[in-house]
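Here is the structure we will look at.
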Amino acid sequence: MAKKKKKNPEEEELQGSKKKKKSKKKLLIPLLALVVVAAAAFVVVRFVLPKLNGGEDETGKPPKKGITAYTVGEDSVPSLDTILEEADGQLIANRGPGKIKEDGEEVEKYTYLYELEGYAAVVDRYLDLLLGEEQGFVLTDETYLVLEDRPELEDAEGGLLLVKGSVQEGHLFQLALGWSEANDMLAVRVAAPEGALRYPEPEEEPRPASLSEQMATIQAMTPSQLALPGTSMSEYDVYPVEGFVTIDGMLCRRFNIYEVGKTGSITGIIFLSGDQQHLFRMDVNDNSIITELK
């Protein structure tokens, strides 16, 4: 029997690394468009850091003091520096004002670059501040559609867009955050372009099935599915009870079932939900006991 060739440690490590990168890429697909927002800043800091405001001083060390607020025109918000602890890292450079194009309009922008330890934890704390009632920001996609869920963040890389109404009418005050462990940096871009928040369309409540549809559903079932004896529902008469009752938060219609020709004694009591996905049976001897059949 031929021996299976063993992979050397370097090959195994390389393959493991590829698998990890693939899974992270899949997880971050919805955020890739926002990561691009910060990509230019990552390139800038590698080549023109000495030219940036707040870059290295004469001692060759980055600035020790951060800033307390990001400001564009009359819009202002507490900066990332205000929630940083000493062990988290620091602001290493800031650049602005500059210009970006948003829908053909030139918009003033400011960019702030940070070196941090543990991006996800720091950004999560900053989100707690910005998404709070006092600051009033919301998470959106690049079209300013408000996101309903707060994403789970990873240190490897990520991107977020935080937005709220600007003091300037018809504009939005926005913070675009992007970070990457590979670049060892987080960038915050601040601007106030024209725009308006958009909200997801509310989901319409599904129309409950009509009485005739529910009757047809029950007649198409077998007695055993309703916990009844017999081989065919033709052996039973089914009578709906007017109105709905709520069971496990679902509106259900009640049906009384009798053996054919024996309407004086109920054989079974069932409840069918409006979406016809849930079926319940009530014990005819004890009306308080309800069992789900499907």
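For clarity, every value in this text was computed on a predicted model and none was experimentally measured.
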Problem set entry | Selection residues 151-174 - residue pairs positive for ring-ring contact (aromatic ring centres under 6.0 Å, His included), sequence neighbours left out | Phe137-Phe173
Problem set entry | Selection residues 210-222 - residue pairs positive for salt bridge (Lys or Arg N to Asp or Glu O under 4.0 Å), sequence neighbours left out | Arg207-Glu213
Exercise. Excluding sequence neighbours, so at least two apart, what forms side-chain contact (heavy atoms from CB on, under 4.5 Å) with Ser224?
Worked result: Thr222
Problem set entry | Ala216: partners by side-chain contact (heavy atoms from CB on, under 4.5 Å), with sequence neighbours left out | none
Problem set entry | Co-members of Tyr236 in a cluster of I, L, V, M, F, W and Y side chains, linked at under 4.5 Å | Leu211, Met215, Ile218, Met221, Leu226, Leu228, Met233, Val238, Phe255, Ile257, Ile270, Leu272, Leu279, Leu293
Problem set entry | Gln135 side, atom CD; Lys164 side, atom NZ - distance, nearest 0.5 Å | 5.5 Å
For this session: Scan for salt bridge (Lys or Arg N to Asp or Glu O under 4.0 Å) pairs involving residues 117-139, sequence neighbours excluded, and state none if there are none.
Result: Asp88-Arg125, Asp124-Arg150, Asp128-Arg150
Exercise. In chain order, what residues pass the side-chain contact (heavy atoms from CB on, under 4.5 Å) check against Ala121, with sequence neighbours excluded?
Worked result: none
For this session: Please round to the nearest 0.5 Å and tell me the distance separating atom OG of Ser79 and atom CG of Leu84.
Result: 7.5 Å
For this session: Return the set of residues passing side-chain contact (heavy atoms from CB on, under 4.5 Å) with Ser232 (not counting sequence neighbours), or none when no residue passes.
Result: Ser234, Glu235
For this session: Rounded to the nearest 0.5 Å, what's the gap from CD1 on Ile266 to CG on Asn256? Could you check?
Result: 4.0 Å
Exercise. Where is the tightest heavy-atom contact between Gly73 and Glu108, given as atom of each residue plus distance?
Worked result: N-OE1, 4.4 Å
Exercise. Checking side chain to side chain contact (heavy atoms under 4.5 Å, CB included) for the pair Ile67/Tyr110: CA distance, chi angles, key distance, verdict?
Worked result: CA-CA 13 Å; Ile67 56 175; Tyr110 294 81; over 6 Å; no
Problem set entry | Heavy-atom closest contact (Leu172 atom, Ala196 atom, distance) | CD1-N, 3.5 Å
Problem set entry | Smallest separation among heavy atoms of Leu160 and Pro151, with atom names | CD2-CG, 3.7 Å
Problem set entry | Test item: side-chain donor near acceptor, Glu157 and Tyr119, under 3.5 Å | no
For this session: With sequence neighbours excluded, give me every side chain to side chain donor-acceptor pair (under 3.5 Å) pair touching residues 239-253.
Result: Gln214-Arg253
For this session: For Asp81 and Tyr114, test the side chains for any donor-to-acceptor distance below 3.5 angstrom and give the result as yes or no.
Result: yes
For this session: Give the other cluster members for Leu251, using side-chain heavy-atom distances under 4.5 Å between Ile, Leu, Val, Met, Phe, Trp and Tyr residues; answer none if it is isolated.
Result: Phe244
Exercise. Mind checking what makes salt bridge (charged side-chain N to carboxylate O under 4.0 Å, His left out) contact with Glu292, not counting sequence neighbours?
Worked result: none
Exercise. Is the side chain of Trp179 donor-acceptor paired with the backbone N or O of Val188 at a distance under 3.5 Å, no angle test?
Worked result: no
Problem set entry | Pairwise distance CG(Asp149) to CG(Leu139) - rounded to 0.5 angstrom | 10.0 Å
Exercise. Would you say Asp141's side chain and Thr143's backbone share a donor-acceptor pair under 3.5 angstrom?
Worked result: yes
Exercise. If we only count heavy atoms from C-beta on, is the Val190 to Asp75 side-chain gap below 4.5 Å?
Worked result: no
For this session: Over all heavy atoms of both residues, which pair between Pro193 and Ala191 is shortest? Give the atoms and the distance, please.
Result: CD-C, 3.6 Å
For this session: Examine distances only and state if a side-chain atom of Ser273 and a backbone atom of His278 form a donor-acceptor pair shorter than 3.5 Å.
Result: yes
For this session: List the steps, then state whether side chain to side chain contact (heavy atoms under 4.5 Å, CB included) holds for Phe271 with Met282.
Result: CA-CA 8 Å; Phe271 297 86; Met282 177 184 286; 3.7 Å; yes
Exercise. What's the spacing between Thr291 OG1 and Phe280 CZ if we round to 0.5 Å?
Worked result: 10.0 Å
Seminar exercise, completed: For residues 254-279, the salt bridge (Lys or Arg N to Asp or Glu O under 4.0 Å) pairs (sequence neighbours left out) are Glu259-Lys262
For this session: Carefully, step by step, assess Ile290 and Asp283 under the rule side chain to side chain contact (heavy atoms under 4.5 Å, CB included).
Result: CA-CA 7 Å; Ile290 294 180; Asp283 192 313; over 6 Å; no
Exercise. Roughly how far, to the nearest 0.5 Å, is CG of Leu129 from OG1 of Thr82?
Worked result: 5.5 Å
Exercise. Where do Leu113 and Leu186 land on the side chain to side chain contact (heavy atoms under 4.5 Å, CB included) test, with the steps shown first?
Worked result: CA-CA 6 Å; Leu113 304 171; Leu186 177 144; over 6 Å; no
Exercise. Is any side-chain heavy atom of Gln174 closer than 4.5 Å to a side-chain heavy atom of Thr140?
Worked result: no
